[in-house]
Amino acid sequence: MRLVLVGPPGAGKGTQAEFIAAHLAVPKISTGDIFRANVSQGTPLGVEAKRYMDAGQLVPDEVTINMVRDRLAEPDASDGFLLDGFPRTVPQASALDKLLADLGTALDIVMELVVDDDEVIRRLSGRRTCRGCGKIWHVEFDPTSKPDICDRCGSELFQRDDDKAETIANRLVEYADKTAPLIDFYGAQGKLVGIDATGPVEDVTVRAIDALRSYGG
Ligand SMILES: [Zn+2]
């Protein structure tokens, strides 16, 4: 099965991607992993991407798409894959359709993890990170016994910039602007499957796997 997973920040996409890919016995392919692999192996695309990243610039779509193309052409992806973090925009989605057509295949399903903005803010803004061991706690869902002190190592907790309300609001606006149009794009292709991504992680996984069963996954 060839699957794309989309959802806003804080939807639990990375976690669900692991479970769903394991269930389908397909590789989980994230652009982060592809970037790191290309950069560490010093491929021509990796060298090019690193030049942009070192300059603090966005890696152009063309470079990203070529990396995705190389990765999807590897043998382990021939019977299926789960893409996490790509495509993020409609132009990237069009490019993905084209490169899959070149490989003689197409996407089967685009799964959207549906979480409303209030829930995203509640999940992300409650996160606290330990300065000592790096463990991530949550003021509501995974609290420490003493406020702002890590139960594991006794160090102080802090709120990462990424988890501050203002940053979260900006990320949600960016998601709405760029990624949400993907939902319409794939909806028009009849490939979109929405999953309620609220509640416990295990419940979301069950809903996702149930939905895939009806597509033979
Ligand atoms: Zn700690």
Residue pair R36, D33: steps toward the salt bridge (Lys or Arg N to Asp or Glu O under 4.0 Å) verdict = CA-CA 5 Å; R36 278 187 288 278; D33 292 342; 3.0 Å; yes

query = When you look at M53 and F35, which way does the side-chain contact (heavy atoms from CB on, under 4.5 Å) test go after all the steps?
reply = CA-CA 10 Å; M53 289 188 283; F35 270 54; 3.9 Å; yes

ask   = Yes or no on salt bridge (Lys or Arg N to Asp or Glu O under 4.0 Å) for K98 and D102, after CA distance, side-chain angles and deciding distance?
value = CA-CA 6 Å; K98 189 175 172 302; D102 290 346; 3.7 Å; yes

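Here the side chain of R127 pairs no donor or acceptor atom with the backbone of D163 at under 3.5 angstrom. For the pair R69 (side chain) and L100 (backbone), a donor-acceptor distance under 3.5 Å is absent. Between the side chain of E119 and the backbone N or O of V115, no donor-acceptor pair lies under 3.5 Å.
Smallest separation of non-hydrogen atoms from A77 and R71: CB-O, 4.1 Å. Heavy atoms only, all atoms of each residue included: A17 and K28 are closest at CB-CD, 3.6 Å. Minimum interatomic distance between I65 and A95 (heavy atoms only, all atoms of both residues): CD1-CB, 3.4 Å. For the residue pair Q16 and T205, the shortest heavy atom distance occurs at OE1-OG1, 2.7 Å. Of all the heavy atoms in D142 and W137, the pair that sits closest is O-CE3, 3.2 Å.
Looking only at atom types and distance, the side chain of D161 has no donor-acceptor partner in the side chain of T167 under 3.5 Å away.
Just one residue in the list L72, L82, D76 forms a side-chain contact (heavy atoms from CB on, under 4.5 Å) with I29, and that residue is L72.
Rounded to the nearest 0.5 Å, atoms CG (D61) and CD (Q92) are 4.0 Å apart.
Inter-residue side-chain proximity for V204 and T15 is flagged as unmet; no heavy-atom pair is nearer than 4.5 Å.
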Which side-chain N or O atoms in residues 18-26 pair as donor and acceptor under 3.5 Å with protein atoms at least two apart or in another chain?
none

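Sequence neighbours left out, not one pair with a member in residues 180-198 passes salt bridge (charged side-chain N to carboxylate O under 4.0 Å, His left out).
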